[in-house]
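Each remark here refers to the structure printed beneath this line.
Values below: all heavy atoms of this structure, side chains included; hydrogens, waters and symmetry mates excluded.
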Amino acid sequence: MTAARGAEGQPTRPPLPAKLAAHPSVRAVLARRRTGDVDRPPAVIDAAWLRELCLAAGADDVAAVSLDHPDLAGEREHALSALPGTRTLIAMAVRMNRDNCRSPARSVANQEFHQTDEQANHAARSVTRSLQDAGYRALNPSVGFPQEMDRFPSERIWVVAHKTVAVAAGLGVMGLHRNVIHPKFGSFVLLVTVLVDAEVSEYGQALNYNPCIDCKLCVAACPVGAIAKDGAFDALACTTHNYREFMSGFTDWAQTVADSEDAADYRSRVSDSESASMWQSLSSPPGYKSGYCLAVCPAGEDVLGPYLDDRKNFMDTVLRPLQDKRETLYVLPDSLAQEYARRRFPHKPVKEVTGGWHPPARRSASTDRETRTS
């Protein structure tokens, strides 16, 4: 059966119920349609207009990529679930202040991460609003957290993989440290994506070179050996330490609280500084424990100069303060990260944690009583 069509060949809509048709808002919409006073957006978004829109919103670089791009096959289902009808993903990069990220003081670096997060989210929301006002359907997932924690840890918690989208759009190349390296701004960018239900007149092209200069400083800086010279990456080692006060690390801490006999037992397991740091992450945005791989990366045309001028001074002033810092390193028991941390950084205390990945076996009430009275 084919849909009924009017005199001009356009599909006709079924008649509205009388009560709905009499509503003032409905009558106003229908009246505008009859007079032709309805702006319909162009079927294809002009790429130059879109770029100016994104830069004006606060992005430092932008490129669009079709959802049909072969490198986004794994994102297709997730994008369409977030915004049915998605045709294009708009990747935006927002710069961070380099020396803030390089500071051994985690409060300085974390503030930079979180403030740039807010700036990127604000830019993406502004672009989404403008696209909506122009007549398109658009959506901007979060830059980072908050994410879909109800899916953790069995499914991925992010709506869109911003790094995958940015690389496909040509904003950079994934480095050894698993951060996207922008050709100009280097590793000092945060990424955000806007989904829209229209095509764009021009899509970005993948870079024809890798901005990484193969210096391996990210390998030298990682305190838990998560980055290997041959390109291998130990994601579990990275998240166990760096995300200590996020998701799984908080789960592990909560289990420690639950397992403690009393306050004294808790203090024997968790130092005062660790408790204070966890409190800070609960009352403020959670703090990353490292991010050193990004901090020491000299790649990018705007970043590379000081490294080329004096590599020894660059390592003395950027790399070594992070290597020399005395800080607790969180590792899984009997892991490669534990062995690496103890061997490579003997001055940094190493603490075994479960990472919250595998909750401890539930003890029976009788066994628990025996344990407490023995």
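- Listed for the Thr86 side chain is no donor-acceptor partner under 3.5 Å among the backbone atoms of Ala82.
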Step-by-step side chain to side chain contact (heavy atoms under 4.5 Å, CB included) determination, Val353 to Arg244: CA-CA 9 Å; Val353 296; Arg244 174 59 187 168; 3.6 Å; yes
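- Separating the SG atom in Cys293 from the CG atom in Asn179 is a distance of 5.0 Å, to the nearest 0.5 Å.
- If you take CG on Asp302 and CZ on Phe188, they are separated by 11.5 Å, rounding to the nearest 0.5 Å.
- For the pair Ser281 (side chain) and Gly287 (backbone), a donor-acceptor distance under 3.5 Å is present.
- For the pair Thr251/Met247, no side-chain contact is recorded, criterion being any heavy-atom separation below 4.5 Å from C-beta on.
- In the displayed structure, Lys163 atom NZ is contacted under 6.0 Å by more than 12 heavy atoms of other residues, nucleotides or ligands.
- Counting non-hydrogen atoms of neighbouring residues, nucleotides and ligands closer than 6.0 angstrom, the CD atom of Glu339 exceeds 12 such neighbours.
- Not a single donor-acceptor pair under 3.5 Å links the side chain of Thr240 to the backbone N or O of Ala237.
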Glu245 vs Ser277, side-chain hydrogen bond (donor to acceptor under 3.5 Å, both in side chains): CA-CA, chis, key distance, verdict: CA-CA 8 Å; Glu245 290 168 11; Ser277 185; 2.5 Å; yes
Audit row: Val270, Thr256, side chain to side chain contact (heavy atoms under 4.5 Å, CB included) steps and yes/no: CA-CA 8 Å; Val270 182; Thr256 301; 3.8 Å; yes
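- Glu274 and Thr328 form no side-chain donor-acceptor contact under 3.5 Å, judged by distance and modelled atom types alone.
- Put simply, NE2 on His182 and CG on Leu207 are 8.0 Å apart, with the number rounded to the nearest 0.5 Å.
- By the 4.5 Å heavy-atom criterion applied to side chains, Arg98 and Val303 are counted as neighbours.
- Using modelled atom types, one finds a donor on one side chain and an acceptor on the other under 3.5 Å when comparing Asp252 with Thr354.
- Counting non-hydrogen atoms of neighbouring residues, nucleotides and ligands closer than 6.0 angstrom, the CZ atom of Arg151 exceeds 12 such neighbours.
- Note on Leu191: it does not cluster hydrophobically with Val159, by side-chain heavy-atom contacts below 4.5 Å among ILVMFWY residues.
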From CA spacing to verdict: salt bridge (Lys or Arg N to Asp or Glu O under 4.0 Å), Asp60, Lys184: CA-CA 10 Å; Asp60 290 293; Lys184 184 176 182 181; over 6 Å; no
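- Checking side-chain atoms of Ser81 against main-chain N and O of Glu77 turns up no donor-acceptor pair under 3.5 Å.
- Evaluation of the ring pair (Phe, Tyr, Trp, His ring centres under 6.0 Å) test over residues 83-129, restricted to residues two or more places apart or in two chains, returns Phe113-Tyr288, His114-Tyr288.
- By the neighbour-count criterion of 12 heavy atoms within 6.0 Å, atom CD of Gln205 is sparsely surrounded, having that number or fewer from other residues, nucleotides or ligands.
- The pair Asp68-Arg76 meets the salt-bridge criterion, with a side-chain N (NZ, NE, NH1 or NH2) lying under 4.0 Å from an Asp/Glu carboxylate O.
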Met96 and Leu190: CA distance, side-chain angles, deciding distance, side chain to side chain contact (heavy atoms under 4.5 Å, CB included) verdict: CA-CA 7 Å; Met96 292 186 286; Leu190 289 182; 3.8 Å; yes
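- Leu20 belongs to a hydrophobic cluster whose other members, connected by ILVMFWY side-chain contacts under 4.5 Å either directly or through intermediates, are Leu16, Val26, Leu30.
- Taken from CD in Glu301 to CZ in Phe185, the straight-line distance is 10.0 Å, to the nearest 0.5 Å.
- A donor-acceptor contact shorter than 3.5 Å links the side chain of Ser201 to the backbone of Ala47.
- Under the 4.5 Å side-chain contact rule for hydrophobic residues, Ile181 and Val167 do not share a cluster.
- Residues passing the ring-ring contact (aromatic ring centres under 6.0 Å, His included) test with Phe345, sequence neighbours excluded: none.
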Audit row: Arg267, Asp262, salt bridge (Lys or Arg N to Asp or Glu O under 4.0 Å) steps and yes/no: CA-CA 9 Å; Arg267 290 195 185 98; Asp262 50 30; over 6 Å; no
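- Atoms CD and OG, on Gln255 and Ser260 in that order, are 11.5 Å from each other to the nearest 0.5 Å.
- If you chain together ILVMFWY residues whose side-chain heavy atoms come under 4.5 Å of each other, Leu53 ends up grouped with Ile45, Trp49, Leu50, Val62, Ile90, Met92, Val127, Leu131, Tyr136, Val143, Val192, Val194, Val196, Val200, Tyr203.
- Here the side chain of Gln323 pairs a donor or acceptor atom with the backbone of Ala220 at under 3.5 angstrom.
- Taking the six-membered ring where the residue is Trp, Tyr243 and Phe145 present perpendicular rings, their angle passing 60° and hence far from 30°.
- For the pair Asp230 and Lys216, the salt-bridge criterion is not met [side-chain N within less than 4.0 Å of a carboxylate O].
- Surrounding CZ of Arg125 are at most 12 heavy atoms belonging to other residues, nucleotides or ligands under 6.0 Å away.
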From CA spacing to verdict: side-chain hydrogen bond (donor to acceptor under 3.5 Å, both in side chains), Tyr266, Ser275: CA-CA 10 Å; Tyr266 170 80; Ser275 293; 2.7 Å; yes
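- Follow the hydrophobic side-chain contacts under 4.5 Å out from Met174 and you reach Val189 in the same cluster.
- Other residues, nucleotides and ligands contribute more than 12 heavy atoms inside 6.0 Å of the CZ atom of Arg269.
- Comment: Arg129 does not engage Asp133 in a salt bridge, judged by the lack of any side-chain N to carboxylate O separation of less than 4.0 angstrom.
- In the hydrophobic clustering, Leu55 connects to no other residue, as no ILVMFWY side-chain heavy atoms lie under 4.5 Å from its own.
- Checked against salt bridge (charged side-chain N to carboxylate O under 4.0 Å, His left out), Arg344 has no partners two or more places apart in sequence or in another chain.
- By the side-chain contact (heavy atoms from CB on, under 4.5 Å) test, Asp324 is found to be paired with Arg320, residues two or more places apart in sequence or in another chain being considered.
- For the ring-ring contact (aromatic ring centres under 6.0 Å, His included) test, no residue two or more places apart in sequence or in another chain qualifies with Phe233.
- Glu75 CD to Leu80 CG: the interatomic distance, rounded to the nearest 0.5 Å, is 11.0 Å.
- Contacts of Asn97 classified as side-chain contact (heavy atoms from CB on, under 4.5 Å), with partners at least two apart in sequence or in another chain: Asn100, Glu112.
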Stepwise side chain to side chain contact (heavy atoms under 4.5 Å, CB included) check, Val331 with His241: CA-CA 6 Å; Val331 298; His241 175 64; over 6 Å; no
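- Criterion: ILVMFWY side-chain heavy atoms under 4.5 Å apart, direct or through other members. Under it, Val257 and Leu282 are part of a common hydrophobic cluster.
- Note on residues 137-148: pairs passing side chain to side chain donor-acceptor pair (under 3.5 Å), not counting sequence neighbours, are Thr128-Asn140.
- For His177, the ring-ring contact (aromatic ring centres under 6.0 Å, His included) criterion is met by no residue, not counting sequence neighbours.
- Under a 4.5 Å side-chain heavy-atom criterion applied to ILVMFWY residues, the cluster that includes Met315 comprises Ile213, Leu217, Tyr292, Val296, Leu304, Tyr307, Leu308, Phe314, Val318, Leu319, Leu322 as well.
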